[in-house]
Peer 1: 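Sharing a structure below in structure tokens format, with a few things to ask.
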Amino acid sequence: MDFKNAPGGVTSSPVSASELKSDGLFARMRDELAKNPAKGKSVNGVFLYNVTDAGKVVKKWTLDLKKGEAYEGEPKSGKPDTTLTLSDADLVEIASGSLSPQVAFMKGKLKIAGNMMLAQKLGPLLQSEAKL
């Protein structure tokens, strides 16, 4: 997935839940999963992204790599394997490659609950897609 050319840049002004910069990233993920569902199924996990603004969760996205889907909201069935909580701006920076997920985690910008090993599988998948 080429996140460097995804719509939306990072701004420091507060945004409403309807206009998050990361929305373009999830739309791009949805398109890429539709084109190549096998890549997502190789990870075989369900990820819930809690996207925050000013410290409050303003939007939730589910990346269901068991079914090859990305959609807004909580998982349609069951619980996520991994929940990632981060700001809209940090998510855009991680996806574009300007912020390392490991650095974001160590600085407390990225919080992970659940299966952390599964979250590590997600990083290389997204990074390899970004180079296409």
Side-chain angles (χ1 to χ4, degrees):
M1 295 175 217
D2 184 3
F3 294 123
K4 293 184 181 180
N5 295 320
V10 177
T11 61
S12 59
S13 62
V15 293
S16 72
S18 62
E19 58 183 53
L20 295 177
K21 301 301 180 191
S22 60
D23 288 349
L25 301 174
F26 287 103
R28 187 74 176 222
M29 282 189 232
R30 184 174 31 231
D31 294 344
E32 291 296 325
L33 285 170
K35 283 188 233 174
N36 191 355
K39 279 220 181 208
K41 289 181 182 179
S42 69
V43 175
N44 197 32
V46 178
F47 299 87
L48 175 63
Y49 284 84
N50 290 320
V51 183
T52 64
D53 185 43
K56 295 182 181 175
V57 176
V58 293
K59 195 172 276 194
K60 295 183 179 200
W61 282 91
T62 296
L63 186 58
D64 186 340
L65 298 179
K66 291 179 179 178
K67 296 179 182 173
E69 300 176 328
Y71 51 87
E72 189 176 340
E74 300 267 348
K76 293 175 183 171
S77 61
K79 296 188 328 185
D81 297 306
T82 306
T83 301
L84 300 101
T85 303
L86 68 166
S87 74
D88 184 50
D90 290 335
L91 178 55
V92 171
E93 287 184 26
I94 288 171
S96 70
S98 61
L99 176 64
S100 158
Q102 291 84 2
V103 170
F105 180 79
M106 296 302 282
K107 289 185 173 183
K109 293 182 175 188
L110 169 62
K111 294 178 176 65
I112 301 173
N115 189 337
M116 193 174 292
M117 295 304 289
L118 198 57
Q120 290 177 341
K121 285 177 143 182
L122 183 63
L125 173 75
L126 296 178
Q127 288 169 0
S128 66
E129 291 289 342
K131 293 178 185 174
L132 293 178

Peer 1: Which heavy atom of Phe105 sits nearest to which heavy atom of Leu110, and what is that distance?
Peer 2: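 Taking every non-hydrogen atom into account, CD1-O, 3.3 Å.
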Peer 1: Do the side-chain N and O atoms of Asn115 and Thr82 include a donor-acceptor pair separated by under 3.5 angstrom?
Peer 2: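 Judged by distance alone, the side chains do not pair up.
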Peer 1: If every non-hydrogen atom of Pro80 is compared with every non-hydrogen atom of Phe47, which pair is closest and at what distance?
Peer 2: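 For Pro80 versus Phe47, the nearest heavy atoms are CB-C, 4.5 Å.
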Peer 1: Is there a path of hydrophobic side-chain contacts, each under 4.5 Å between heavy atoms, that joins Val103 and Met116?
Peer 2: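 In one cluster: yes.
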Peer 1: Rounded to the nearest 0.5 Å, what's the gap from CG on Asn44 to CG on Leu65? Could you check?
Peer 2: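 Nearest 0.5 Å value for the CG-CG distance: 8.5 Å.
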Peer 1: Got a sec, which residues hit side chain to side chain donor-acceptor pair (under 3.5 Å) with Ser77, two or more places apart in sequence or on another chain?
Peer 2: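 Applying side chain to side chain donor-acceptor pair (under 3.5 Å) to Ser77 gives none.
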Peer 1: Got a sec, which residues hit side chain to side chain contact (heavy atoms under 4.5 Å, CB included) with Met106, two or more places apart in sequence or on another chain?
Peer 2: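 Met106: no side chain to side chain contact (heavy atoms under 4.5 Å, CB included) contacts found.
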Peer 1: Would you please name every residue forming a side chain to side chain donor-acceptor pair (under 3.5 Å) with Thr83, sequence neighbours left out?
Peer 2: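 In terms of side chain to side chain donor-acceptor pair (under 3.5 Å), with neighbours along the sequence ignored, Thr83 is linked to no residue.
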Peer 1: For residues Lys67 and Lys41, determine if any side-chain heavy atom of one lies less than 4.5 Å from a side-chain heavy atom of the other.
Peer 2: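 Contact flag for Lys67/Lys41 side chains = no.
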Peer 1: Kindly give the heavy-atom pair with the smallest separation between Thr62 and Gly73, and that separation in Å.
Peer 2: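 Closest pair (atom of Thr62, atom of Gly73, distance): OG1-O, 2.6 Å.
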Peer 1: Identify the two heavy atoms, one from Leu48 and one from Pro75, that lie closest to each other, and give their separation to 0.1 Å.
Peer 2: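 Nearest pair, atom of Leu48 first, then Pro75: CD1-CD, 4.2 Å.
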Peer 1: Not counting sequence neighbours, which residues clear salt bridge (charged side-chain N to carboxylate O under 4.0 Å, His left out) with Lys66? List them please.
Peer 2: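 Residues passing salt bridge (charged side-chain N to carboxylate O under 4.0 Å, His left out) with Lys66: Asp81.
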Peer 1: For Lys60, enumerate each residue passing the side chain to side chain donor-acceptor pair (under 3.5 Å) test, keeping only those at least two apart in sequence or located in another chain.
Peer 2: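 Result, side chain to side chain donor-acceptor pair (under 3.5 Å) vs Lys60: Glu74.
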Peer 1: Just verifying a value: how many Å separate Gln120 CD and Leu122 CG, rounded to the nearest 0.5 Å?
Peer 2: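 These two atoms lie 11.0 Å from each other.
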Peer 1: Residues two or more places apart in sequence or in another chain: which of them pass side chain to side chain donor-acceptor pair (under 3.5 Å) with Asn50?
Peer 2: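 Asn50 satisfies side chain to side chain donor-acceptor pair (under 3.5 Å) with Thr85 only.
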Peer 1: Could I get the full list of salt bridge (charged side-chain N to carboxylate O under 4.0 Å, His left out) partners for Lys35, not counting sequence neighbours?
Peer 2: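 Checked Lys35 against salt bridge (charged side-chain N to carboxylate O under 4.0 Å, His left out); matches are Glu32.
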Peer 1: Under 3.5 Å, is there a donor-acceptor pair between the side chain of Ser98 and the main chain of Glu93?
Peer 2: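 Yes: the side chain of Ser98 pairs with the backbone of Glu93.
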Peer 1: Specify the closest pair of heavy atoms between Leu33 and Gly68, including all atoms of both residues, with the distance to one decimal.
Peer 2: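 Here Leu33 and Gly68 meet closest at CB-O, 3.6 Å.
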Peer 1: Determine yes or no for a side-chain-to-main-chain donor-acceptor pair under 3.5 angstrom, with Ser22 supplying the side chain and Leu25 the backbone.
Peer 2: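 Answer holds: no.
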Peer 1: Could you grab the distance from atom CG of Leu91 to atom CG of Leu20, nearest 0.5 Å is fine?
Peer 2: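 That separation rounds to 9.5 Å.
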Peer 1: Tell me every residue that passes salt bridge (charged side-chain N to carboxylate O under 4.0 Å, His left out) with Asp64, counting only those two or more places apart in sequence or in another chain.
Peer 2: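 For Asp64, no residue satisfies salt bridge (charged side-chain N to carboxylate O under 4.0 Å, His left out) once neighbours in sequence are set aside.
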Peer 1: Same cluster for Val46 and Ile112 if Ile/Leu/Val/Met/Phe/Trp/Tyr side chains link at under 4.5 Å?
Peer 2: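 Unlinked, Val46 and Ile112 end up in two clusters.
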Peer 1: Do Asp23 and Lys59 meet the salt-bridge criterion of a basic N to acidic O distance under 4.0 Å?
Peer 2: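 Yes, Lys59 and Asp23 are salt-bridged.
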Peer 1: Could you tell me the separation between the CG atom of Asp88 and the OG1 atom of Thr52, rounded to the nearest 0.5 Å?
Peer 2: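 One finds 8.0 Å between CG of Asp88 and OG1 of Thr52.
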Peer 1: Write out all pairs satisfying ring-ring contact (aromatic ring centres under 6.0 Å, His included) with one or both partners inside residues 54-82, taking only residues at least two apart or from two chains.
Peer 2: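 Checked against ring-ring contact (aromatic ring centres under 6.0 Å, His included) - neighbours excluded - the pairs reaching residues 54-82 are Phe26-Trp61.
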Peer 1: State the CD-CZ distance between Glu72 and Arg30, to the nearest 0.5 angstrom.
Peer 2: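 These two atoms lie 8.5 Å from each other.
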Peer 1: For Ile94 and Leu86, run side chain to side chain contact (heavy atoms under 4.5 Å, CB included): C-alpha distance rounded to whole Å, both residues' side-chain angles, the deciding distance at 0.1 Å, then the answer.
Peer 2: CA-CA 10 Å; Ile94 288 171; Leu86 68 166; 3.7 Å; yes
